[in-house]
2 protein chains.
Amino acid sequence: MRLDPIDQRIIALLQEDARSSYAEIGERVALSAPAVKRRVDRLRSSGVIRGYTALVDPGAVGWTTEAFVELFCTGRTSPAQLKAAALRHPAVVGAYTISGEADALVHLRAMDMSGLEEALEKLRAEPFVTSTRSMIVLSRLVETLAPRIVQDVGTAKGSPAS
Amino acid sequence: MRLDPIDQRIIALLQEDARSSYAEIGERVALSAPAVKRRVDRLRSSGVIRGYTALVDPGAVGWTTEAFVELFCTGRTSPAQLKAAALRHPAVVGAYTISGEADALVHLRAMDMSGLEEALEKLRAEPFVTSTRSMIVLSRLVETLAPRIVQDVGTAKGSPAS
DNA sequence: GATGAAAAGACTAGATT
DNA sequence: AATCTAGTCTTTTCATC
């Protein structure tokens, strides 16, 4: 799907505040509210915008412990298999197949250290996991929950505009 | 700040769809719309809800390449120093101090491999970085952009409710 | 094909009970 | 916390470019 500059600005505005009104957005992109709504509807149905979410302070809701775990797997473990396993474990908030020594990297979040330990234990019990290497998060320095949109299409070379 | 079960359900509903109306939420938690708004306002001003954002498919906006990079730093590099550096680099979408061999883990997102390379190069140029170890993401299997809320306070032991 | 204008219905936000 | 009310927003329809 092709995104024109107005689409991009609308997406950026919705990333900043997903609850802003169409009228508000329209004001900033010089379009009427219905026109904005039509574009947003199209962006949603085409999958560019997957949804809207509230950004919640993990600590405030009791989610204080997290870790990144490198997974070493048996010979031929498929990404689909890994994905299915990741989805089975509710503590998994991110999972990626990666290059390098390990086969996958899993991002775990738990309420406390014992919860993390329990989640890790369950993960290690997966039949295809041969070993793991854990990196416990000591402090979260930065976390951009939504991918920032490219502001300058074609000119940017790997660095998102602020 | 204390969250009662209704607060938690409201948060969960807003995480599912940050654009749902107060009336809609009120229906599902058996409260009037104004009552829901008051609670949401309180959650926002107390910092439990930090904001609302649109979830955008990174690929759809040209953000196709990512990596996790372990940072090895000089003797005494402070978390504050790391954080400041991370914020200077727009490709950094996540940064954590960690236990284990490395001192920090940085999550990078770029438009393509050359963008990633460039971002990595800049990161390595930071004076406190002695070496790095990169894990290029081959495929994103799972990514829960918002931390899931605990549904059963006190009973859950490290695993978020679905 | 996309935009703007207008109208009906729904929602928000503040005051009151 | 619910109700009420005025003002605003959303959403559909329709005409226009």
Side-chain angles (χ1 to χ4, degrees), chain A residues 1-57 60-62 145-146 149-155 161, chain B residues 1-57 59-62 145-146 149-154 161:
Chain A
M1 160 156 192
R2 203 174 141 45
L3 300 176
D4 70 17
I6 294 179
D7 287 326
Q8 302 204 356
R9 288 184 59 200
I10 290 173
I11 292 171
L13 289 168
L14 280 172
Q15 284 191 315
E16 270 174 47
D17 181 5
R19 280 186 81 87
S20 44
S21 69
Y22 296 131
E24 228 165 352
I25 295 168
E27 221 171 87
R28 300 185 61 179
V29 300
L31 236 55
S32 69
V36 173
K37 183 192 183 318
R38 273 191 292 271
R39 280 169 180 267
V40 172
D41 286 346
R42 203 184 31 159
L43 290 168
R44 279 227 59 175
S45 61
S46 68
V48 174
I49 294 177
R50 296 198 309 231
Y52 308 97
T53 193
L55 300 176
V56 174
D57 176 14
V61 296
L145 290 148
I149 189 140
V150 194
Q151 305 266 1
D152 304 323
V153 186
T155 73
Chain B
M1 160 154 192
R2 200 169 147 47
L3 300 177
D4 71 17
I6 294 179
D7 287 327
Q8 303 205 356
R9 289 184 59 198
I10 290 173
I11 293 170
L13 290 168
L14 280 172
Q15 284 192 314
E16 270 174 46
D17 181 7
R19 281 186 80 87
S20 45
S21 70
Y22 297 134
E24 229 165 351
I25 294 168
E27 219 170 90
R28 301 185 59 178
V29 301
L31 237 53
S32 68
V36 173
K37 184 192 185 310
R38 270 193 297 275
R39 282 170 180 265
V40 172
D41 286 347
R42 196 177 35 126
L43 291 168
R44 280 226 60 174
S45 61
S46 68
V48 175
I49 294 178
R50 296 197 309 232
Y52 306 98
T53 194
L55 300 176
V56 175
D57 176 15
V61 295
L145 289 149
I149 188 141
V150 194
Q151 304 268 1
D152 304 322
V153 186

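The model shown is predicted, which means the values in this text are computed figures rather than measured ones.
Computed from coordinates, the A:R38 CZ to D:dT12 C1' distance equals 10 Å when rounded to whole Å. Across the protein-nucleic acid pair, B:I10 atom CD1 and D:dA1 atom C1' stand 12 Å apart, rounded to whole Å. Between B:E27 atom CD and C:dC11 atom P there is a gap of 9 Å when expressed in whole angstrom units. As a whole-Å value, the separation of A:Y22 OH from D:dT12 P is 10 Å. One atom, CG of A:D4, and another, P of C:dA2, lie 10 Å apart when rounded to the nearest Å. What separates CZ of A:R19 from C1' of C:dT12 is a distance of 10 Å, to the nearest Å. In this structure, the CZ atom of B:R39 is 17 Å from the P atom of C:dA13, given to the nearest Å. In this entry the distance linking CG of A:D41 with P of C:dG1 reads 17 Å, nearest Å.
Of the candidate nucleotides D:dA1, D:dT10, C:dG14, C:dG14 has the atom nearest to the side chain of B:P34. Nearest to the side-chain atoms of A:K37 among the listed nucleotides D:dC9, D:dA2, D:dT12 stands D:dT12. Residue B:L31 has its side chain nearest to D:dA2 when only C:dC11, D:dA2, C:dG4 are considered.
Ionic pairing of A:R39 and A:D4 is present here: one or more N-O contacts between side-chain nitrogen and carboxylate oxygen are shorter than 4.0 angstrom. Classification of B:D7 and B:R42 as a salt-bridged pair holds, one side-chain N sitting under 4.0 Å from a carboxylate O.
Between B:S32 and D:dA1 there is no side-chain polar atom (N or O) within less than 4.0 angstrom of OP1 or OP2.
Taking all atoms of both residues into account, the shortest heavy-atom contact from A:R50 to A:R44 is O-NH2, 3.3 Å.
Counting heavy atoms from C-beta on, the side chains of A:Y52 and A:L14 come closer than 4.5 Å.
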